[in-house]
Amino acid sequence: MRYFIFIITMILASCSTQKEESNEVNLYSQRHYSVDELQYKNFTEKTGIKVNVVKANADELIERLKNEGENSPADLFVTVDAGKLYNARESGVLQKIPSEAINKNIREDILDADSYWAPITYRSRIIVYSNDRVNESELSTYEDLANSKWKNRILVRSSSNAYNQALMSSLVANLGSETTEKWSSAVVSNFARDPKGSDRDQVKAIAAGQGDLAIVNSYYIGLLLASEKEEEINAGNSVSVFFPNQGEGDRGSHINISALGLTKNSPNRKNAIKLIEYLTSEEAQKVYVNNSYEYPANSLVQPSDIVRGWGEFKIDKLNLNALGEYRPEAIKIFDKTGWK
Ligand code: FE2
């Protein structure tokens with residue numbers, strides 16, 4: 001009899017856990033890299049948990065989370081910008097991530113002090129320069145891009161892009177509005193052409209001789225060099241990587257994170273936490289670095305060979321939430337200074 005009761009209890013216990021937990025996790029993602037599908041496939045093979053992804057831009061996803069409220073199917077908000085996570089948090093659509101879900105090997109300097117998001121990778125917004133027309137010794141800081149020696153030589157995408165907005169926010173936070181506005185005016189007057197295209201397009205424009213410097217996210221250089229298209233490999237090889245603001249006592253190069261925010265009403269919270277744990281594990285971090293050429297959030301993992309070849313660099317230790325906090329001011333400066 002005792003044995004019988006034990007079996008019944010076991011059956012009931014397994015039924016109730018099955019009812020509570022679905023076998024799915026739902027992502028609202030701003031990321032646009034093919035490595036993500038590979039990561040989710042690996043996670044499903046390991047855990048049996050299916051990963052459903054809705055892709056859109058970050059502002060649209062935040063709007064959707066707000067509108068859906070308690071009925072939202074989303075568990076995780078995935079972005080490539082701490083600024084958007086700051087906005088999501090301010091909009092009340094996130095909850096704190098329990099500390100055990102955040103891998104203890106994540107670099108401390110890229111963590112959210114308030115635990116509203118968990119970083120999976122980071123990237124720097126760097127300067128790349130023409131191997132033919134620029135000498136590395138001519139480069140130093142973001143601030144120096146205002147120097148008239150760069151007249152008609154700087155290539156960069158439009159100010160509507162979140163990567164540029166994050167960089168401008170970091171300058172406002174570090175230098176103040178007034179200095180940043182002067183800087184922006186001078187940089188605009190140094191543009192080789194009106195801003196257009198993607199980060200990759202700026203590098204291609206250097207290869208085509210349309211400008212000499214470009215401001216781009218670091219991983220795009222890795223992606224160009226690892227491309228199967230000859231035009232892209234040639235573009236990647238026409239430039240070198242420069243990390244600005246590395247001088248002694250200087251703040252370091254601007255970085256941003258790609259990160260996961262746990263939604264306030266996450267219906268599959270346990271699965272979401274499992275996915276956070278998996279994506280920050282050594283195993284998954286190796287997959288990121290070798291496919292997207294981003295920097296690993298987990299300090300036990302090395303960047304890819306291509307990225308390691310650029311050497312180590314000092315990162316700007318600015319609180320990454322400042323990239324959201326100073327965003328409205330950054331956008332004003334873009335508008336005022338004619339950065340299209
Ligand atoms: Fe990107």
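What you see below is based on every heavy atom in this structure, not just the backbone, and it leaves out hydrogens, waters and symmetry mates. Note that ligands are numbered from 1 as they come in the structure, with each ligand's atoms numbered from 1 the same way.
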Checklist line | Presence of N, O or S from N217 under 2.8 Å of the Fe ion (ligand 1) | finding: no
Next item on the list: Before giving the answer on side chain to side chain donor-acceptor pair (under 3.5 Å), spell out for N245 and S253 the whole-Å C-alpha distance, their side-chain angles and the decisive distance to 0.1 Å.
Entry: CA-CA 6 Å; N245 299 76; S253 302; over 6 Å; no
Checklist line | D112 versus N321, side-chain donor and acceptor atoms under 3.5 Å | finding: yes
Checklist line | Apex the Fe ion (ligand 1) - arms OH from Y163 and OH from Y220 - angle rounded to 10° | finding: 130°
Next item on the list: To the nearest 10 degrees, calculate the angle at the Fe ion (ligand 1) involving OH of Y33 and OH of Y219.
Entry: 80°
Margin query: Considering only residues two or more places apart or on different chains, which pairs with a residue in residues 203-218 satisfy side-chain hydrogen bond (donor to acceptor under 3.5 Å, both in side chains)?
Written below: R125-N217, R133-D212, R153-D212, R193-Q210, K204-E232, N217-Y219
Check: Which residues, ordered by chain and number, are linked to I273 in its hydrophobic cluster, where ILVMFWY side chains connect at heavy-atom gaps below 4.5 Å, directly or through other members?
Finding: none
